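Everything numeric here is computed off the predicted structure, so don't read it as measured data. All values below come from the heavy atoms of this structure, side chains included, with hydrogens, waters and symmetry mates left out. Residue numbers start at 1 and run along the sequence shown.
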Amino acid sequence: MVISVVMIVLIMLLYAVIKAFQFTFITSATLFDCWTIPWVMVLTYFFIGSRYSIWQYFGVAICILGLALALLSDAGLGGEVCSRFSDHSRRFG
């Protein structure tokens with residue numbers, strides 16, 4: 001019974017996330033995706049005591065590097081070509 005309730009709540013949350021991406025900018029969606037893996041690693045380290053290898057930390061560093069590149073391209077520091085592709089007039093959906 002409890003598992004079925006958790007599954008229904010999970011499906012509703014995933015539906016809400018997908019609907020939210022339809023009304024956001026592509027840069028915001030990229031930032032959400034870049035932060036998912038590092039936060040999951042931090043939270044599982046503190047709450048359930050997971051330990052990770054050096055390669056997993058290397059993967060998180062790549063995610064954070066992607067986040068920094070997304071922020072730089074959104075700020076317009078990437079030049080004319082990059083700022084044109086991060087135009088805020090285009091949305092998902």
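In the hydrophobic clustering (ILVMFWY side chains linked at under 4.5 Å, chained through shared members), Ile11 stands by itself. Hydrophobic clustering, defined by side-chain heavy atoms of Ile, Leu, Val, Met, Phe, Trp and Tyr closer than 4.5 Å, groups Met7 together with Ile3.
The neighbour count for Leu13 CG, taken as heavy atoms of other residues, nucleotides or ligands under 6.0 Å away, is above 12.
Of the inter-residue distances, the one linking Phe58 atom CZ with Cys63 atom SG reads 11.0 Å to the nearest 0.5 angstrom. The CG atom of Leu65 sits 4.5 Å away from atom CG of Leu69, with the distance rounded to the nearest 0.5 Å.
For Ser50, the side-chain contact (heavy atoms from CB on, under 4.5 Å) partners at least two apart in sequence or on another chain are Thr44, Ile48, Tyr52. Scanning for side-chain contact (heavy atoms from CB on, under 4.5 Å) contacts around Phe46 gives Val42, with sequence neighbours left out. Applying the side-chain contact (heavy atoms from CB on, under 4.5 Å) criterion to Ser4, with sequence neighbours excluded, gives Met1. Considering only residues two or more places apart in sequence or on other chains, Ile64 meets the side-chain contact (heavy atoms from CB on, under 4.5 Å) condition with Pro38, Val60.
Hydrophobic clustering of Ile, Leu, Val, Met, Phe, Trp and Tyr side chains at less than 4.5 Å, counting indirect connections, unites Ile54 with Ile62. If you chain together hydrophobic residues whose side chains sit under 4.5 Å apart, Leu67 and Trp39 fall into the same group.
Nearest heavy atoms, Arg51 versus Gln56: O-OE1, 4.4 Å.
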